[in-house]
Amino acid sequence: MFERILVPTDGSDLAKKAGFEAVNVAKKLNGKVIVTHIIDQTLTKPYEVLENQGREYIKVITDYALENEVECESMIIFGSPKYDIVKLTRKSEADSVMLGTHGKTGLKSTLLGSFAQNVISTIDLPIILIK
């Protein structure tokens with residue numbers, strides 16, 4: 001366990017924090033981090049803009065992994081964050097998931113953001129939530 005930690009990111013502060021924590025855990029356990037971003041197909045910005053944003057979000061975490069000499073992969077897909085997170089866990093062969101409790105659109109007053117709630121209810125892997 002924690003040999004392949006999946007970290008979905010939307011560029012939020014908690015997603016970055018989760019990414020950094022995943023790197024720290026992977027370093028201690030000689031694991032690997034897989035940083036992912038799902039470009040929401042319902043957004044209206046041009047795809048290239050959304051892809052560039054996703055690459056920037058991922059780069060923050062992959063740079064931290066590089067600085068800490070932790071193996072790191074990244075993936076960007078176009079689809080539905082709600083439904084495609086399961087696909088990403090399978091494709092990445094992750095054995096655990098680490099993510100922030102709230103993303104960019106999450107209401108801070110709720111216990112968990114909708115994406116985190118969805119991950120908990122649909123993924124059958126160990127999940128670490130970062131607050």
Side-chain angles (χ1 to χ4, degrees):
M1 191 177 338
F2 302 112
E3 292 176 14
R4 296 181 60 83
I5 306 169
L6 180 75
V7 181
T9 184
D10 62 358
S12 66
D13 290 340
L14 285 177
K16 289 182 223 174
K17 187 175 177 183
F20 293 168
E21 286 300 321
V23 169
N24 295 336
V25 168
K27 184 172 185 163
K28 289 178 186 172
L29 301 176
N30 198 29
K32 179 180 197 172
V33 174
I34 303 107
V35 186
T36 63
H37 178 71
I38 302 171
I39 299 172
D40 189 338
Q41 64 194 6
T42 63
L43 297 178
T44 58
K45 289 183 183 176
Y47 176 80
E48 295 80 22
V49 172
L50 297 171
E51 183 179 27
N52 288 337
Q53 284 176 339
R55 290 191 192 288
E56 288 174 22
Y57 301 156
I58 286 172
K59 187 176 183 327
V60 171
I61 299 168
T62 57
D63 284 352
Y64 184 75
L66 184 63
E67 291 168 16
N68 285 277
E69 300 177 349
V70 170
E71 189 176 353
C72 187
E73 292 178 7
S74 65
M75 276 190 274
I76 294 179
I77 66 167
F78 182 74
S80 166
K82 181 175 182 177
Y83 298 109
D84 290 331
I85 187 64
V86 173
K87 200 182 306 181
L88 277 174
T89 58
R90 290 185 188 134
K91 184 175 181 175
S92 67
E93 298 178 349
D95 62 10
S96 55
V97 179
M98 193 172 296
L99 69 153
T101 56
H102 295 83
K104 284 193 169 184
T105 59
L107 297 172
K108 302 294 182 196
S109 61
T110 61
L111 182 61
L112 285 177
S114 60
F115 183 74
Q117 287 177 351
N118 181 63
V119 169
I120 290 169
S121 65
T122 59
I123 306 282
D124 190 26
L125 294 172
I127 299 167
I128 298 174
L129 296 172
I130 303 297
K131 182 174 177 181

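One-based numbering along the sequence shown. Values in this document were obtained by computation on a predicted structure and should not be read as measured data.
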Next on the checklist: Less than 4.5 Å apart, side chain to side chain, heavy atoms only: is that true for Ile130 and Thr101?
Outcome noted: no

Next on the checklist: Using 0.5 Å steps for rounding, measure from the CD atom of Glu71 to the NZ atom of Lys27.
Outcome noted: 14.5 Å

Checklist outcome for this item: The reported gap from OG1 in Thr9 to CD in Glu56 (rounded to nearest 0.5 angstrom) is 11.5 Å

Checklist entry - Looking just at side-chain N and O atoms, do Asn24 and Tyr64 make a donor-acceptor pair shorter than 3.5 Å? => result yes

Item to check | salt_bridge(Glu21, Lys17) N-O dist < 4.0 Å | outcome: no

Item to check | Heavy-atom donor-acceptor pair, Arg4 side chain to Gly31 backbone, under 3.5 Å | outcome: no

Checklist entry - What are the two closest heavy atoms between Gly100 and Ala18, and how far apart are they? => result N-CB, 3.7 Å

Checklist entry - Does a side-chain heavy-atom distance below 4.5 Å link Cys72 with Ile34? => result no

Item to check | Over 12 foreign heavy atoms within 6.0 Å of OH, Tyr83 | outcome: no

Checklist entry - Do Val70 and Met1 belong together in a cluster built from hydrophobic side chains that touch within less than 4.5 Å? => result yes

Next on the checklist: The criterion is side-chain hydrogen bond (donor to acceptor under 3.5 Å, both in side chains); which residues satisfy it with Lys45, sequence neighbours excluded?
Outcome noted: none

Checklist entry - Distance from Ile123 atom CD1 to Leu88 atom CG, nearest 0.5 Å? => result 8.5 Å

Checklist entry - Any side-chain heavy atom of Val60 within less than 4.5 Å of one from Val35? => result no

Checklist entry - Hey, what do you get for CE (Met98) to CZ (Phe2), rounding to the nearest 0.5 Å? => result 6.5 Å

Next on the checklist: If hydrophobic clusters are built by linking Ile, Leu, Val, Met, Phe, Trp and Tyr wherever their side-chain heavy atoms come under 4.5 Å apart, do Leu66 and Ile61 end up in the same one?
Outcome noted: no

Next on the checklist: Count I, L, V, M, F, W, Y as connected when their side-chain heavy atoms are under 4.5 Å apart, and connections chain through other members. Are Leu14 and Val7 then in the same cluster?
Outcome noted: no

Item to check | N/O donor-acceptor pair under 3.5 Å between His37 side chain and Ile76 backbone | outcome: no

Next on the checklist: Within the structure provided, determine whether Pro8 and Ile85 are in side-chain contact (heavy-atom separation under 4.5 Å).
Outcome noted: yes

Checklist entry - Donor-acceptor pair, Asp40 side chain versus Thr42 backbone, under 3.5 Å? => result yes

Checklist entry - Going from OH on Tyr57 to CG on Asp10, what distance comes out if it is rounded to the nearest 0.5 angstrom? => result 7.0 Å

Next on the checklist: Are Leu129 and Val25 connected into the same hydrophobic cluster when the rule is that any two of I, L, V, M, F, W, Y join if their side-chain heavy atoms are below 4.5 Å apart?
Outcome noted: no

Next on the checklist: Between Ile127 and Leu99, does the side chain to side chain contact (heavy atoms under 4.5 Å, CB included) criterion hold? Intermediate values first, please.
Outcome noted: CA-CA 8 Å; Ile127 299 167; Leu99 69 153; 3.7 Å; yes

Item to check | Check: Thr36 and Leu6 side chains under 4.5 Å, non-hydrogen atoms | outcome: yes

Next on the checklist: Which residues pass the side-chain hydrogen bond (donor to acceptor under 3.5 Å, both in side chains) test with Asp63, not counting sequence neighbours?
Outcome noted: Lys59

Next on the checklist: Taking the basic N atoms (NZ, or NE/NH1/NH2) and the acidic carboxylate oxygens, is any pair closer than 4.0 Å for Glu73 and Lys32?
Outcome noted: yes

Item to check | Transitive ILVMFWY side-chain link Phe20 to Val33, under 4.5 Å | outcome: yes

Checklist outcome for this item: Distance col, row Leu29:CG vs Ile5:CD1, nearest 0.5 angstrom, shows 7.0 Å

Checklist entry - Does some side-chain heavy atom of Thr89 sit less than 4.5 Å from a side-chain heavy atom of Val97? => result yes

Item to check | Phe78 side chain near Ile38 side chain, heavy-atom distance below 4.5 Å | outcome: no

Checklist entry - Are Ser96 and Leu125 close enough that some pair of their side-chain heavy atoms sits under 4.5 Å apart? => result no

Next on the checklist: List the residues meeting side-chain contact (heavy atoms from CB on, under 4.5 Å) with Asp13, not counting sequence neighbours, and say none if there are none.
Outcome noted: Lys16

